[in-house]
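Please read the structure below before turning to the comments.
In the text below, chain A, chain B and the rest are named by the order of the sequence lines, each starting its count at 1. The structure presented is a predicted model; accordingly, all values stated were derived computationally and were not measured. Below, each value reflects all heavy atoms present in this structure, side chains not excepted, and no hydrogens, waters or symmetry copies.
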Amino acid sequence: AQSVAQPEDQVNVAEGNPLTVKCTYSVSGNPYLFWYVQYPNRGLQFLLKYITGDNLVKGSYGFEAEFNKSQTSFHLKKPSALVSDSALYFCAVRDISSGTYKYIFGTGTRLKVLA
Amino acid sequence: KAGVTQTPRYLIKTRGQQVTLSCSPISGHRSVSWYQQTPGQGLQFLFEYFSETQRNKGNFPGRFSGRQFSNSRSEMNVSTLELGDSALYLCASSLALGGAGNTIYFGEGSWLTVV
């Protein structure tokens, strides 16, 4: 079965420092991976996705993610964190194996950027 | 281009009542999916509609139902509400059904509180 894991419930980082939000996946076949961000009392906003090609994917708001097939990881990164990046981040995988193509989301990681 | 629009944003219902939530997808998007978000269960897939037909369904009881209209707008209904149905209900739209790289875009959600 397809699944994603976000091992950290919360990540704290100082403003200006680089940030990493971790995601690992388990899929049969090629992975289709996504990152979304949710600000308080809002819906989810699409950040970036990996389908194929370059292992480093660039997305919105200066975020990027590194796909690592050998470690089955898709970590979200940003070189310099902003206080406004504080939010809930979700990693997701597209469920190809069942033929439904539904999204399977991780449990979310709360990012707190400290001024 | 307008995003996904969900109404109402907030509502309070009593146990045993029913509720209908509405979703207007991004113009041109024909697939609409629904998710339930709760602190305990995270994001759970409810169902997906395309061309007025339910194409995929998650593991929710029959009290949860939906439909899609010819203009791609969708509604979901929950009957005989229970306290545990209190959640943020998120609608997402995409251009087409399936397609591994197909990105879904979320609305702001409808906050349902059952008392």
Atom [atom1] of [X] and atom [atom2] of [Y]: how far apart are they, to the nearest 0.5 Å?
{"X": "A/L47", "Y": "B/T103", "atom1": "CG", "atom2": "OG1", "result": "11.5 Å"}
{"X": "A/R42", "Y": "B/L90", "atom1": "CZ", "atom2": "CG", "result": "12.0 Å"}
{"X": "B/L43", "Y": "A/I104", "atom1": "CG", "atom2": "CD1", "result": "12.0 Å"}

Aromatic centroids of B/Y35 and A/F105 separated by under 6.0 Å: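 Yes, they do, as the ring centres are separated by less than 6.0 Å.
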Over all atoms of both residues, closest heavy-atom pair of A/L44 and B/F106: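 Closest approach of A/L44 to B/F106: O-CB, 3.3 Å.
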Got more than 12 heavy atoms from elsewhere within 6.0 Å of [atom1], [X]?
{"X": "B/R63", "atom1": "CZ", "result": "yes"}
{"X": "B/N59", "atom1": "CG", "result": "no"}
{"X": "A/K22", "atom1": "NZ", "result": "no"}
{"X": "B/R73", "atom1": "CZ", "result": "yes"}
{"X": "B/Q41", "atom1": "CD", "result": "no"}

N/O donor-acceptor pair under 3.5 Å between A/Y103 side chain and B/I104 backbone: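 Present.
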Atom group of A/Y50 that falls short of 4.5 Å from chain B, counting heavy atoms: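 A/Y50 has no heavy atom closer than 4.5 Å to chain B.
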Engaged part of A/N41 at the chain B interface, taking heavy atoms whose separation is under 4.5 Å: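 Interface part for A/N41: both.
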Same apolar cluster (I L V M F W Y, side chains within < 4.5 Å links), [X]/[Y]:
{"X": "B/Y49", "Y": "B/Y89", "answer": "yes"}
{"X": "A/V4", "Y": "A/V11", "answer": "yes"}
{"X": "B/M76", "Y": "B/V19", "answer": "yes"}

Residue pair A/F46 / B/Y105, side-chain heavy-atom distance below 4.5 Å: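 A/F46 vs B/Y105: side chains touch.
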Portion of B/Q37 that has a non-hydrogen atom of chain A nearer than 4.5 angstrom: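 It is the side chain, since no backbone atom gets that close.
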Segment of B/R9 engaging chain A (4.5 angstrom heavy-atom cut-off):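 For B/R9, the contact with chain A is made by the side chain alone.
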Worked check of side chain to side chain contact (heavy atoms under 4.5 Å, CB included) between B/L88 and A/Q38: CA-CA 12 Å; B/L88 176 64; A/Q38 185 177 36; 3.7 Å; yes
